[in-house]
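Written below as structure tokens is the structure these notes are about.
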Amino acid sequence: MKSNFSQKVYEVVRKIPRGKTLTYKQVARIAGKPKASRAVGNIISKNTNKNVPCHRVIRSDGKLGGYNGLRGKSKMQLLAKEGIKL
DNA sequence: CAGATGACGATCA
DNA sequence: CTGATCGCCATCT
């Protein structure tokens, strides 16, 4: 059972249009907890649902952050296909 | 229930 | 500018 916060995070990430990226801070802020950036990453990391474009969620530093292993892909590869590149 | 963990963010040195 | 430390929140063990 997911808490309201995690549910909100999924919803926000799922709303991210193709070719667009959001930072963990933005997602946390929209979810209602501007300081929960860590919690956001944690929730997503343990729920890697394919219906949620978690690879579009990056750090505020402009770095991709973690993400690893899902289908052996990396965020960079997926984002590059979206039209986003470093 | 309490402690440790983590796909982070911001500030300090 | 780069590296390290503290702070914050939900989830896991």
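So that the names make sense, note that chain A is the first sequence line, chain B the second, and so on, each numbered from 1.
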Scan the side chains in residues 30-43 of chain A for donor-acceptor partners under 3.5 Å anywhere in the protein, sequence neighbours excluded, and list what turns up.
residue: Asn42(A); atom: OD1; partner: Lys46(A); partner atom: NZ; Å: 2.4

Show your working on side chain to side chain contact (heavy atoms under 4.5 Å, CB included) between Val27(A) and Val13(A) and close with a plain yes or no.
CA-CA 7 Å; Val27(A) 176; Val13(A) 177; 4.0 Å; yes

Run the numbers on Arg59(A) and Lys25(A) for side chain to side chain contact (heavy atoms under 4.5 Å, CB included), then give the verdict.
CA-CA 8 Å; Arg59(A) 291 183 56 129; Lys25(A) 189 167 69 170; over 6 Å; no

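In plain terms, the two heavy atoms of Ile58(A) and Lys63(A) that are nearest each other are CB-O, 3.4 Å. Taking each heavy atom of Pro53(A) and Arg14(A) in turn, the nearest pair found is CD-CA, 3.7 Å.
In the 5' to 3' direction, nucleotides of DNA chain C lying under 4.0 Å from heavy atoms of chain A begin and end at dG7(C) to dC12(C).
Checked by atom type, the side-chain pair Asn47(A)/Tyr10(A) shows a donor-acceptor distance below 3.5 Å.
Looking only at side-chain heavy atoms (C-beta outward), Val9(A) and Ile44(A) come within less than 4.5 Å of each other.
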Contact string for nucleotides 4-13 of chain B, one letter per nucleotide 5' to 3', B = base within protein heavy-atom range under 4.0 Å, S = sugar-phosphate only, - = neither, reads -BBBBSS---

